[in-house]
2 protein chains.
Amino acid sequence: MTALDSAPHPTGRTATGETDPDRRAGIYRNAARIFHRKGYHATSINDIAAAVGLTKAGLYYYIKGKQDLLFAIMSFAMDQLDAQVIEPARREQDPQARLETIVSRHARLITQDSSALTILVNELEGLLPDDRADIIGRQRDYVEFIADTLAALRDEGKVLGLDPTIGAFSLVGMILWISRWYRADGRLDADEVVAEVTRMAVAAVLNRNAEQAEDPDE
Amino acid sequence: MTALDSAPHPTGRTATGETDPDRRAGIYRNAARIFHRKGYHATSINDIAAAVGLTKAGLYYYIKGKQDLLFAIMSFAMDQLDAQVIEPARREQDPQARLETIVSRHARLITQDSSALTILVNELEGLLPDDRADIIGRQRDYVEFIADTLAALRDEGKVLGLDPTIGAFSLVGMILWISRWYRADGRLDADEVVAEVTRMAVAAVLNRNAEQAEDPDE
DNA sequence: GCCAACCTACCGGGCGGTCGGTAGACTGGC
DNA sequence: GCCAGTCTACCGACCGCCCGGTAGGTTGGC
């Protein structure tokens, strides 16, 4: 999105004696975009190499392998989630404000660039077992963080009879799904989507009055 | 799940002179299970053949190709959605009852067997363009059906200022995500999950009182 | 002359898919 | 009651292709 998206041969130099970190970042960014569009398994190393203006062998100067590349992207996405969503939310004392922070910030992140964050949830089976355990652990922590927030709301009496686990998963599903339908060039703009989803999420778990319909259909 | 899951050589006879439909159904069911677990691209024709007790060549007696197999599974899932969710919901006159029917029936279907329904949303890029257009069209119809239901609720005054499109997508995301976290042998049972998700979905879009907080009150 | 940053050429292997064949149950003619 | 022919339901061997990955250069700026 920002730069060097498919620049053929920038030949950017570094005086540090180390591998150019910008070049590497560009490779990760492109790889994330292509993995996102075609899926990890359907993407070949050649696809990525071509997208960054390298041959396959040239690409291997920067990466250790396809699975390492995937893990790097997913770790980056998880870092993003930590820094942009979890940390800011952790600083919120009020549970409802914290919930709103989580939803709106996570939704915002997805409307900005969904590639890495979507790969994070869709390509887990492409990872090596150890890497997968690492990512799954961090994801579980995130869901538990949301569930704890819902439990805190329940303790305040703002939520009645909602299982925090089901609630947390449901909200996460709602948020993650945004990447499937939201298009930056579409009818809806990001601010509207973020606000609407946040409002729905809060409404889904909060009960303003005690009415809790207990007869589902059939 | 039901029968002939990996029966080696049932040698079931048919007097019709046509290919045994049970055998074929078993192949589709197994293929759906494996596609669901490993992903379409990560699954080889050999994997499926082995799971049904055939060699690859033997399997090709029943299927035309990998992509046709995928399309058959997704069409079946879409048929299921039509028959078990959309049709029953269409018979509901009251928009709120209709919404509850959609969510609870769709959620129920996923808790029962998520394979085909999950493939339906995750493996679209594996299809041939014409097949993909077919499936995407049917999926779009479904989302529009939900959006129309939300619009009807809005016309009744039961929903204030919610974009029906965003609402429909968000509910769909919540429902589909169930297949990622619900396990039949887990702590939560299906009835509970279905009821809870349905309640959240309704709460997410309905406003019981006129309060639509722009300011987080109290 | 050194080293970062690439390249060409290649490898083993697995993939989707096909081919020719065949065991064995059934069918009709006599 | 037999047997030639036909059909379904498979299998072993194979094909061409492309995959992830590597060995061993070459080039150009410092």
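Letters A, B, ... mirror the listed sequences (proteins, then strands); counts begin at 1.
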Taken in chain and number order and not counting sequence neighbours, the residues that satisfy side-chain hydrogen bond (donor to acceptor under 3.5 Å, both in side chains) with B:D131 are none

Nearest whole Å is fine: how far is D:dG21 C1' from A:L69 CG? 14 Å

Apply ring pair (Phe, Tyr, Trp, His ring centres under 6.0 Å) to B:Y28 and list each qualifying residue two or more places apart in sequence or on a separate chain. none

Hey, what are the protein-to-nucleotides 11-18 of chain C N/O distances that come in under 3.5 Å?
| unit_1 | atom_1 | unit_2 | atom_2 | d |
| --- | --- | --- | --- | --- |
| C:dG16 | OP1 | B:T43 | O | 3.4 |
| C:dG16 | OP1 | B:K66 | NZ | 3.0 |
| C:dG16 | OP2 | B:I45 | N | 2.9 |
| C:dG16 | N7 | B:K56 | NZ | 2.8 |
| C:dG16 | O6 | B:K56 | NZ | 3.3 |
| C:dG17 | OP2 | B:Y60 | OH | 2.5 |
| C:dG17 | OP2 | B:K66 | N | 2.8 |
| C:dG17 | O5' | B:Y60 | OH | 3.1 |
| C:dG17 | N7 | B:K56 | NZ | 3.2 |
| C:dG17 | O6 | B:K56 | NZ | 2.6 |

Set of side-chain hydrogen bond (donor to acceptor under 3.5 Å, both in side chains) partners for A:D130, sequence neighbours left out: none

Residues forming a salt bridge (charged side-chain N to carboxylate O under 4.0 Å, His left out) with B:D191, sequence neighbours excluded: B:R108

Quick check on C:dC6: is either OP1 or OP2 less than 4.0 Å from any side-chain nitrogen or oxygen of A:R23? yes

Integer-rounded Å distance: D:dC19 C1' and A:K38 NZ: 13 Å

What side-chain donor-acceptor pairs closer than 3.5 Å can you find for residues 142-152 of chain B, not counting sequence neighbours?
| unit_1 | atom_1 | unit_2 | atom_2 | d |
| --- | --- | --- | --- | --- |
| B:Y142 | OH | B:H106 | ND1 | 2.7 |
| B:T149 | OG1 | B:F145 | O | 2.9 |

Would you mind reading off the distance between A:L128 atom CG and D:dG20 atom P, rounded to a whole angstrom? 14 Å

Could you tell me the separation between the CG atom of B:L59 and the C1' atom of C:dC19, rounded to a whole number of Å? 16 Å

In whole Å, what is the span from the OH atom of B:Y61 to the P atom of D:dT8? 5 Å

D:dC10, OP1 or OP2 - any side-chain N/O from B:Y62 closer than 4.0 Å? yes

Under 4.0 Å between a Lys/Arg side-chain N and an Asp/Glu carboxylate O for A:D82 and A:R138? yes

